[in-house]
Novice: 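Dropping a structure here in structure tokens format, bear with me for questions.
As a basis for the values below, the full set of heavy atoms in this structure was taken, side chains included, without hydrogen atoms, waters or symmetry mates. None of the values given here were measured: they were computed from a predicted structure. Counting starts at 1 for both ligands and their atoms, in listed order.
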Amino acid sequence: MIDFYLNGKRQRCDGVPADTSILELLRTHLGQTGTKEGCASGDCGACTVAIGEPGDDGALRYQAANGCITPAHQLDGCHLVTVEGLARGDALHPAQAAMVECHGSQCGFCTPGIVMSLFTLHEEQRRTPAPLSQQRLEEVLGGNLCRCTGYRPIRDAALSMNDYPDTHPLWADDPDLASNVAQLRAAKAASRSGGHYVAPRDLAALRQLKAERPEARLVAGATDLWLETTQQLKALDDLIDVRQVAELNAIEETPQGWWIGAAVTYSRLEPLFEQHYPAFAHLLHRFASKQIRNRGTLGGNVANASPIGDSPPVLLALDARVSLDGPDGERELPLGDFFLDYKQTALGANEFIRAIFLPRPSETQNLKVWKLSKRREDDISAVLGAFAWRLEGGVMRDVHLAFGGMAAIPKRAAGAEAALEGQAPSADTFAAARSALAGDFQPMSDVRGSAEYRQVAASNLLERLRLMIDTDNTIDAEVTLHAYAH
Ligand SMILES: Cc1cc2nc3c(=O)[nH]c(=O)nc-3n(C[C@H](O)[C@H](O)[C@H](O)COP(=O)(O)OP(=O)(O)OC[C@H]3O[C@@H](n4cnc5c(N)ncnc54)[C@H](O)[C@@H]3O)c2cc1C
Ligand code: FES
Ligand code: FES
């Protein structure tokens, strides 16, 4: 049974198939059709809803998610807010009032999703008011496409929300809502329900389930997995959800670095990356959309083993390790040994990824990550280069050059690395590295770029690295167009 609150009211939904999405639950089972389906693949944001879970202080924190690719069973013990739950009778929520006044809607198809993204921004602002920078607006709205209005009026609506009366939704009057949701979560944790969608709470239970149901698929944020049902129409009828396994949700700091639980979402990782790996943090701004980053995990990105996944090249450049676990025990291996061939990994039949280890960067380590994609927001890489190195006595040391989009797996460029290791970063050295790079990879052609484009682009990224080092980082301007500033 999925037991949750919808716009303040308790809902108990029985017999919901494992592969039902939130969108389907709302529209088909509950008759709530305000939330729209545009693409059913997490790209357009028309289906955006807000999922509330209790924070450390007990208050509910609302995060935007794509209803079309979020499993309905993940609502268990949550408060779901949809576009139907914002207005207070005839009084519109500030997100809605601002959209009306700024003419932020034409056909209206994208509007419920945009309003829900603005609702999460409004909630954040209410909790911790902060200036609405260009970057913040882009982050909030980057996962919402509008085909007809244009973003200017929508941006104006976001900027003017605070000028409208702060109409609270009716459910916000209930002083017990947060504690009721918390109690429900606790009760669900104790009940350990079975069925075709199970959500173990600890490692021991996960190991046991893996032993009992070796065929079951694992699901974390579902931002890759769910496309198998919405796009390929595959049945996902036996699922083990790892999102609530306590050990997979931990970030453990050691003197050598951080063990990041496989089910930790990108949104939770942002502060750690901002502090210790700014180049990785910068990449996150270009990684999918806020809706996806709120649900997607590092573990899912690595397990998915896509050659164009964004985090694996960065993790390879940083010498990350991976901890695999299962009924037969735990083992650890360098991430480079995890990817075997296209979508083939070293994971054994009953194993899962428990955590990923990120070594603490030394003071002299440099890291640069450059992602090339057709669109700046919410797009998958054509080529991604992640480069780590140190400069010691005028020569390059510990050079790690990892690429995505250049081979069947994310991979380091062994030849190019050898050409740079122990050498001064001169034009000649880099020319040798670029020649070696041509032998390191035989990329393929696809919709994101031809093989030739990829070779040239990867080589150019090395040249960019040289120029950056040569000019002492003074030309290190990142490419940031202001999409909403016209
Ligand atoms: C619109 C959109 C945009 C995207 N943009 C990007 C992008 O810019 N860059 C990028 O790299 N990716 C992108 N993705 C892909 C996706 O968001 C990431 O790969 C994400 O990290 C997957 O994590 P998840 O938790 O959602 O994994 P899930 O979808 O839950 O799982 C992915 C796979 O990993 C397996 N799995 C999950 N957890 C474990 C575990 N602990 N152990 C073993 N196996 C496990 C699942 O069984 C499944 O096969 C995008 C996806 C969408 C829909
Ligand atoms: S319907 Fe397009 S993101 Fe969900
Ligand atoms: S108003 Fe038509 S898609 Fe946005």
Side-chain angles (χ1 to χ4, degrees), residues 21-23 35-49 65-71 74 99 103-114 142-151 153-154 206 210 216-228 230-231 236 239-243 245 248 261-266 283-289 291-314 322-326 343 345 347-348 351-356 371 373 375 377-381 384 404-405 410:
S21 66
I22 291 179
L23 184 67
T35 309
K36 303 293 181 230
E37 177 174 79
C39 62
S41 59
D43 285 296
C44 75
C47 62
T48 302
V49 291
N66 294 119
C68 66
I69 54 166
T70 306
Q74 290 189 351
M99 282 285 281
H103 305 284
S105 176
Q106 286 191 35
C107 81
F109 210 80
C110 67
T111 309
I114 287 178
N144 291 91
L145 297 185
C146 176
R147 297 298 295 268
C148 36
T149 302
Y151 295 98
I154 296 169
L206 175 58
K210 275 303 270 177
R217 300 287 301 274
L218 294 178
V219 57
T223 63
D224 274 316
L225 185 73
W226 227 250
L227 303 194
E228 291 188 21
T230 65
Q231 306 302 299
L236 295 174
L239 294 171
I240 301 174
D241 187 328
V242 300
R243 275 188 95 241
V245 175
L248 271 63
V264 174
T265 62
Y266 297 108
L283 171 69
L284 284 195
H285 298 309
R286 301 226 11 234
F287 189 111
S289 62
Q291 286 93 325
I292 300 281
R293 293 194 299 274
N294 285 339
R295 309 296 297 180
T297 63
L298 210 54
N301 205 215
V302 169
N304 195 48
S306 164
I308 46 173
D310 282 345
S311 73
V314 191
V322 61
S323 157
L324 309 183
D325 205 317
K343 292 258 185 184
T345 70
L347 265 181
E351 283 184 318
F352 51 87
I353 300 179
R354 176 182 172 157
I356 291 145
K371 169 172 174 170
S373 56
R375 203 175 53 193
E377 263 98 19
D378 203 356
D379 202 1
I380 310 273
S381 297
L384 185 143

Novice: Answer yes if the side chains of S373 and R286 hold a donor-acceptor pair under 3.5 Å, and no otherwise.
Specialist: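 A pair is found: one side chain offers a donor N or O, the other an acceptor, under 3.5 Å apart.
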Novice: Which of the atoms in ligand 1, numbered in the order shown and given with their element, are less than 4.0 Å from a heavy-atom of D378?
Specialist: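 That gives atoms 1 (C), 3 (C) of ligand 1.
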Novice: Determine, step by step, whether L283 and L384 satisfy the side chain to side chain contact (heavy atoms under 4.5 Å, CB included) criterion, reporting the C-alpha distance in whole Å, the side-chain angles of both residues, the deciding distance to 0.1 Å, and the verdict.
Specialist: CA-CA 10 Å; L283 171 69; L384 185 143; 3.7 Å; yes
Novice: Can you find a non-hydrogen atom of W226 under 4.0 Å from ligand 1?
Specialist: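 Per 4.0 Å heavy-atom rule, W226 does not contact ligand 1.
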Novice: Select the closest option to atom 22 (C) of ligand 1 among I356, D224, I292, L298, judged by heavy-atom distance.
Specialist: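 Among I356, D224, I292, L298, the closest heavy atom to atom 22 (C) of ligand 1 belongs to D224.
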Novice: I would like to know whether L225 and L239 meet side chain to side chain contact (heavy atoms under 4.5 Å, CB included); could you show each step before the answer?
Specialist: CA-CA 11 Å; L225 185 73; L239 294 171; 4.0 Å; yes
Novice: Can you check whether I353 reaches V302 side chain to side chain, under 4.5 Å on heavy atoms?
Specialist: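 Touching, per the 4.5 Å side-chain cut-off.
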Novice: Applying a heavy-atom cut-off of 4.0 Å, say which part of L347 lies close to ligand 1: side chain, backbone, both or neither.
Specialist: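 Just the side chain.
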Novice: Pull up every protein N/O/S atom sitting under 2.8 Å from atom 4 (Fe) of ligand 3, skipping waters.
Specialist: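 The answer, once waters are left aside, is C110 SG, C146 SG.
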Novice: Decide yes or no on side chain to side chain donor-acceptor pair (under 3.5 Å) for D43 and S41, but give the supporting numbers first.
Specialist: CA-CA 6 Å; D43 285 296; S41 59; 2.9 Å; yes
Novice: Using heavy atoms and a threshold below 4.0 Å, how should the contact between D379 and ligand 1 be classified: side chain, backbone, both, or neither?
Specialist: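 Backbone only.
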Novice: Answer side chain, backbone, both or neither: which part of A288 comes under 4.0 Å from ligand 1, heavy atoms only.
Specialist: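 For A288, the contact with ligand 1 is made by both the backbone and the side chain.
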Novice: May I ask you to test the Y151-L145 pair for a side-chain heavy-atom distance under 4.5 Å?
Specialist: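 Side-chain contact under 4.5 Å: yes.
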Novice: Can you tell me which residue and heavy atom of the protein come closest to atom 6 (C) of ligand 1, and the distance to 0.1 Å?
Specialist: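 Of the protein heavy atoms, I380 CD1, 3.5 Å lies nearest.
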Novice: Is any side-chain N of the basic residue among E228 and R217 closer than 4.0 Å to the acidic one's carboxylate O?
Specialist: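 Looking at R217 together with E228, the answer is yes, because their closest N to O distance falls below 4.0 Å.
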Novice: Does ligand 1 come near enough to L218 that some N or O of the ligand is less than 3.5 Å from an N or O of the residue?
Specialist: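 Yes; at least one N/O pair falls below 3.5 Å.
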Novice: Go through it in stages, so that I can follow the logic: the residues are L206 and L218, the test is side chain to side chain contact (heavy atoms under 4.5 Å, CB included), and I'd like the CA-CA distance, side-chain angles, deciding distance and then a yes or no.
Specialist: CA-CA 10 Å; L206 175 58; L218 294 178; 4.3 Å; yes
Novice: Does the pair L227 and I69 meet the rule for a side chain to side chain contact (heavy atoms under 4.5 Å, CB included), with working shown?
Specialist: CA-CA 7 Å; L227 303 194; I69 54 166; 3.6 Å; yes
Novice: Taking only heavy atoms of A220 into account, list the atoms of ligand 1 that are under 4.0 Å away from them.
Specialist: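 Every atom of ligand 1 under 4.0 Å from some heavy atom of A220: 25 (O), 30 (O), 38 (N).
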Novice: What residue and atom, counting heavy atoms only, is the protein's closest point to atom 1 (C) of ligand 1, and at what distance?
Specialist: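 Minimum-distance protein heavy atom for atom 1 (C) of ligand 1 reads G42 O, 3.1 Å.
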Novice: Any atoms of ligand 1 less than 4.0 Å from a non-hydrogen atom of F352? List them with their elements.
Specialist: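 Here the atoms of ligand 1 in question are 42 (N), 43 (C).
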Novice: Taking 2.8 Å as the limit, list every protein N, O or S atom around atom 4 (Fe) of ligand 2, by chain and residue number.
Specialist: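 Only C47 SG, C68 SG fall inside 2.8 Å of atom 4 (Fe) of ligand 2.
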Novice: What is the nearest protein non-hydrogen atom to atom 36 (N) of ligand 1, stated with its residue, atom name and distance?
Specialist: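 Sorting protein heavy atoms by distance from atom 36 (N) of ligand 1 puts A303 CB, 3.7 Å first.
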Novice: Starting at OG1 of T149, measure out to CD1 of I114 and round the result to the nearest 0.5 Å.
Specialist: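 If I round to the nearest 0.5 Å, the distance is 7.0 Å.
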Novice: Which protein heavy atom lies closest to atom 42 (N) of ligand 1, and at what distance to 0.1 Å?
Specialist: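 Atom 42 (N) of ligand 1 sits closest to the protein heavy atom I353 N, 2.8 Å.
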Novice: Can you report which non-hydrogen protein atom sits closest to atom 25 (O) of ligand 1, along with the distance?
Specialist: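 Going by distance alone, atom 25 (O) of ligand 1 is nearest to T297 OG1, 2.6 Å.
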Novice: Could you pull out the closest heavy-atom pair between V242 and A263, with the gap in Å?
Specialist: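 Closest approach of V242 to A263, heavy atoms only: O-CB, 3.6 Å.
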Novice: How long is the straight-line distance from OG1 of T111 back to CD1 of I154, given to the nearest 0.5 Å?
Specialist: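 Spacing of CD1 (I154) from OG1 (T111) equals 7.0 Å.
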Novice: Identify the protein heavy atom lying closest to atom 37 (C) of ligand 1, giving its residue, its atom name and the separation to 0.1 Å.
Specialist: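 The closest heavy atom on the protein side is G300 CA, 3.9 Å.
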Novice: How many angstroms lie between atom OG1 of T48 and atom CD of Q291, to the nearest 0.5 angstrom?
Specialist: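 Result: 4.0 Å between the selected atoms.
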Novice: Below 4.0 angstrom from a heavy atom of A262, which ligand 1 atoms are there? Numbered from 1 as shown, please.
Specialist: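 Near A262, the atoms of ligand 1 are 41 (N).
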Novice: Taking atom types as modelled and ignoring hydrogens, do the side chains of Q106 and R147 form a donor-acceptor contact shorter than 3.5 angstrom?
Specialist: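 Not at all, the side chains of Q106 and R147 share no donor-acceptor pair under 3.5 Å.
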Novice: I need the R295 CZ to T297 OG1 distance, nearest 0.5 Å.
Specialist: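 Result: 11.0 Å between the selected atoms.
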Novice: Would you say ligand 1 has an N or O under 3.5 Å from any N or O of V242?
Specialist: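 No, there is no polar N/O contact under 3.5 Å.
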Novice: To the nearest 0.5 Å, how far apart are CD in Q74 and CD1 in I22?
Specialist: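 Rounded to the nearest 0.5 Å, the CD-CD1 separation comes out at 7.5 Å.
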Novice: Among all protein heavy atoms in this structure, tell me which lies nearest to atom 21 (O) of ligand 1, with the distance rounded to 0.1 Å.
Specialist: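 Minimum-distance protein heavy atom for atom 21 (O) of ligand 1 reads Y266 OH, 2.5 Å.
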Novice: Check A288 against R293 and note the closest heavy-atom contact, atom names and distance.
Specialist: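 Answer, listing the atom of A288 first, then R293: O-NH1, 3.7 Å.
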Novice: List ligand 1 atoms under 4.0 Å from R217, heavy atoms only on the residue side.
Specialist: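 The atoms of ligand 1 under 4.0 Å from a heavy atom of R217 are 49 (O).
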Novice: Please examine the side chains of T35 and C47, heavy atoms only from C-beta on, and report whether any two atoms are closer than 4.5 Å.
Specialist: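 The answer is yes, as the side chains (C-beta and beyond) meet within the 4.5 Å cut-off.
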Novice: Are any of the N/O atoms in E351 less than 3.5 Å from those in ligand 1?
Specialist: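 Looking only at distances, the answer is no, because the N/O contact criterion of under 3.5 Å is not met.
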Novice: So which bit of S41 gets within less than 4.0 Å of ligand 1, heavy atoms only: side chain, backbone, both or neither?
Specialist: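 Backbone only; the side chain of S41 stays clear of ligand 1.
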Novice: Of the non-hydrogen atoms in Y266 and N301, which two are nearest, and what is the gap between them?
Specialist: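 That closest heavy-atom pairing would be OH-CB, 3.1 Å.
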Novice: Counting only heavy atoms, which portion of K371 has something under 4.0 Å from ligand 1: side chain, backbone, both, or neither?
Specialist: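 Side chain only.
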Novice: Does the N or O separation between L225 and ligand 1 drop below 3.5 Å for any pair?
Specialist: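 So ligand 1 has an N or O lying under 3.5 Å from an N or O of L225.
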Novice: Minimum heavy-atom separation for S21 and G67, please, with both atom names.
Specialist: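 Heavy atoms only, the tightest pair is CB-O, 3.4 Å.
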Novice: Please report the closest heavy-atom contact between S289 and G142, naming both atoms and the distance.
Specialist: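 Reported closest heavy-atom pair: CB-C, 4.5 Å.
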Novice: Can you report which non-hydrogen protein atom sits closest to atom 17 (O) of ligand 1, along with the distance?
Specialist: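 Looking at atom 17 (O) of ligand 1, the protein heavy atom closest to it is T223 OG1, 2.7 Å.
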Novice: With a cut-off of 4.0 Å, which atoms of ligand 1 are near a heavy atom of G309?
Specialist: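 So the answer, numbered in order with elements, is 11 (O).
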Novice: Taking the side chain as every heavy atom from C-beta outward, state whether W226 and L236 have any atom pair closer than 4.5 Å.
Specialist: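 Yes. Closest side-chain heavy atoms under 4.5 Å.
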